[in-house]
Amino acid sequence: MGSGETFHEGSKGKDVRTSNIVAAKAIANAVRTSLGPRGMDKLLQLENGEILISNDGATILKNMKVLHPAAKMLVDLSQSQDIEAGDGTTTVVVLAGALLNACSTLLAKGIHPTAIANSFLNAADKACEILEGISKPVTLAERDSLLNAVDTCLSSKVVGQNSEVLSPIAVDSVLGILEDVETSTSVDLRDIRIVTQMGGTVDDTELVQGLVLTKGSSKTAGGPSNMSDAKIALIQYCLSAPKTDMDNNVVVSDYAAMDRILREERKYILQQCKAIKKSGANVVLIQKSILRDAYNELSLHFLAKMGILVVTDINRDDVEFICRTLGCTPVAHPDQMTADKLGVAEKVSDVFMEGGSNKVVKFTGVKNSGHTMTVLLRGSNEFVLGEAERSLHDAQCVVRSLVKKRALIAGGGAAETEVSLKLMEYSQELTGMDAYCFQAFADALEVIPYTLAENAGMTPIEVVTDLRKKHAEGMKGAGINVKKGKVTDMYDINVVQPLLVSTSAIQLATETVCMIMKVDDLVVVSRA
């Protein structure tokens, strides 16, 4: 480079950046119509031919076949929001699309990508600061506030009309597993098990303080199907005749020898069943086995004669959850079968699922309840059940967000409009490129109220202008009431959302956009 020459970026960097922005915006536009309570649902046909109906951003993007690397970053972005907050997965992608649009305008003005990225990160920090300033603190004892936040989350789902049933279940299931409602700052949703059963409607869903197993008890030998004051054993060994490690055959030609083999087998199984009875167990859960039969007709017959309720085919993955719920210890060998390994429940019963064709085993009156919870979710078909399960998980994530950060903000685009207005005011104090970037960031935030109004069939420009006017007059809770089609105070109609959902969405979207801005070349690595 000669003296006095200045470096001009080659056209390749601009082309790659433009390509990345176009690809990422295409993904954002794909899910944009599913934002808000009046958002549309997407019908997805999966590779295996199954059909999925959802308007959850993370679910839609996860199942989309995306090839462009920059577009994949937006898919990962929605997954990150799903892990961090559980809700706002569509919001975060739409926001990222709007910020990329703002970047295109700033790049056209000749502002350097790195300067845009740095200003956007500062603007995101400022936006989160403003959100924390306008948020309302909440305690987990304020049940109504929690229910309002969950109702807002469910309003945009397919099962929104069932929120009266699902909202209390979501709140109670999360609060039920907290060690201390006052001081806990995290909660593991894996301690809540959602058991889906087809038949009935979503309104038949119930919260069980105990355990539900999807397979009914074994009836082949006429054993009991109900048990009060249950002592429960979970066995991991097989109640059947032993087999050799290798596959080999024994040829028996003598009737007496054959008789002796059958007698020995009977004696062996009877001893095992007597050991179970001796420990005091009256309910036996048998884990699935790969190597040989976990049980046979003979063992079920003996256990039935002893008046023991048997549930077979327990999955290996469920063992830990069952043990924590019932307080039992898995038994790996008949010699270890002692009374201290047993779990207790007041009642174990077979329950027929009305509207369906199968039975479940329900354990109630568990002593150490509080460690785990079970939700028995009902639905008329697979699509409703699948969407209800995802919606209930999102609702539980909203409560988890409030456990992590106990503050609420107004929904309906109110928070985004307030932040946009405050950032605009703040940008007037700045000089140079920062002022331009902050203004562009503030404008981009208005995509949320704009899209909400658009999806609700309102006139977006009129609505957003009205929103700005109300916020400028000092009404911080002014948002879009999609049911009445006008701007009202969101706090009055109880449309609230956790602070964590919005702060996380703004920060994650900004970080992803900055990452895309800093890319100036696309290198395809060939396979060795």
Side-chain angles (χ1 to χ4, degrees), residues 7-35 42-48 52 54-86 88-124 437 440-441 444-445 447-448 451 504-528:
F7 173 72
H8 289 290
E9 187 183 30
S11 62
K12 189 178 182 187
K14 286 178 184 173
D15 290 346
V16 167
R17 205 169 283 116
T18 307
S19 157
N20 288 347
I21 289 173
V22 168
K25 273 165 64 180
I27 290 286
N29 290 333
V31 293
R32 189 175 164 179
T33 52
S34 62
L35 181 73
K42 303 278 185 246
L43 181 67
L44 306 169
Q45 187 167 13
L46 307 181
E47 283 181 344
N48 57 5
L52 187 71
S54 180
N55 70 352
D56 177 46
T59 308
I60 295 165
L61 292 177
K62 189 168 66 179
N63 290 294
M64 274 170 82
K65 207 166 188 177
V66 179
L67 299 173
H68 197 286
K72 279 181 183 170
M73 286 171 74
L74 257 69
V75 176
D76 294 340
L77 167 66
S78 73
Q79 299 301 321
S80 303
Q81 175 73 2
D82 200 27
I83 293 163
E84 177 64 27
T89 49
T90 312
T91 306
V92 75
V93 176
V94 171
L95 197 55
L99 289 171
L100 285 168
N101 209 13
C103 290
S104 303
T105 316
L106 293 170
L107 287 169
K109 285 179 179 173
I111 300 176
H112 196 274
T114 314
I116 297 172
N118 290 339
S119 291
F120 271 21
L121 287 171
N122 293 336
C437 295
F441 191 93
L445 288 175
V447 73
I448 302 298
T451 308
S504 161
I506 289 172
Q507 281 175 326
L508 290 174
T510 310
E511 281 171 14
T512 306
V513 168
C514 292
M515 211 182 291
I516 291 172
M517 288 311 298
K518 287 181 177 178
V519 173
D520 75 336
D521 205 348
L522 184 63
V523 181
V524 179
V525 181
S526 59
R527 288 181 184 171

Among all residues two or more places apart in sequence or in another chain, which pass the side chain to side chain contact (heavy atoms under 4.5 Å, CB included) test with [X]?
{"X": "Ala26", "answer": "none"}
{"X": "Val22", "answer": "Thr18"}
{"X": "Ile83", "answer": "none"}
{"X": "Met64", "answer": "Ile27, Ala30, Ile60, Leu61, Val66"}

Between Val16 and Asp520, does a side-chain contact (heavy atoms from CB on, under 4.5 Å) hold up when you go through it step by step?
CA-CA 6 Å; Val16 167; Asp520 75 336; over 6 Å; no
Quick one: does [X]'s side chain get under 4.5 Å of [Y]'s, heavy atoms only?
{"X": "Phe441", "Y": "Ile506", "result": "yes"}
{"X": "Thr33", "Y": "Lys42", "result": "yes"}
{"X": "Pro113", "Y": "Leu107", "result": "yes"}
{"X": "Asn20", "Y": "Ile516", "result": "yes"}

From [X] atom [atom1] to [Y] atom [atom2], the distance as rounded to the nearest 0.5 Å:
{"X": "Met515", "Y": "Leu77", "atom1": "CE", "atom2": "CG", "value": "9.5 Å"}
{"X": "Met517", "Y": "Thr510", "atom1": "CE", "atom2": "OG1", "value": "13.0 Å"}
{"X": "Ile111", "Y": "Leu106", "atom1": "CD1", "atom2": "CG", "value": "4.5 Å"}
{"X": "Thr451", "Y": "Arg32", "atom1": "OG1", "atom2": "CZ", "value": "3.5 Å"}

What side-chain donor-acceptor pairs closer than 3.5 Å can you find for residues 88-99, not counting sequence neighbours?
| unit_1 | atom_1 | unit_2 | atom_2 | d |
| --- | --- | --- | --- | --- |
| Thr89 | OG1 | Asp56 | OD1 | 3.1 |
| Thr89 | OG1 | Gly57 | N | 3.4 |
| Thr89 | OG1 | Ala58 | N | 3.4 |
| Thr90 | OG1 | Gly57 | N | 3.2 |

Can you sort out the partners of [X] under side-chain hydrogen bond (donor to acceptor under 3.5 Å, both in side chains), two or more places apart, ordered by chain and number?
{"X": "Ser34", "result": "none"}
{"X": "Lys62", "result": "none"}
{"X": "Ser119", "result": "Asp434"}

Which heavy atom in [X] sits nearest to a heavy atom in [Y], and how many Å separate them?
{"X": "Ala71", "Y": "Ala23", "value": "CB-O, 4.0 Å"}
{"X": "Arg17", "Y": "Val519", "value": "NE-O, 3.6 Å"}
{"X": "Phe120", "Y": "Cys437", "value": "CE1-O, 3.4 Å"}
{"X": "Leu121", "Y": "Cys514", "value": "CG-SG, 3.7 Å"}

Is there any side chain to side chain donor-acceptor pair (under 3.5 Å) pair reaching into residues 68-82, and which pairs are they, with sequence neighbours excluded?
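Residue pairs passing side chain to side chain donor-acceptor pair (under 3.5 Å), neighbours aside: Ser19-His68, Gln81-Ser504.
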Strictly by side chain to side chain donor-acceptor pair (under 3.5 Å), give each pair with a member in residues 99-111 just once, sequence neighbours left out.
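Every pair satisfying side chain to side chain donor-acceptor pair (under 3.5 Å) with a residue in residues 99-111: Lys25-Asn101.
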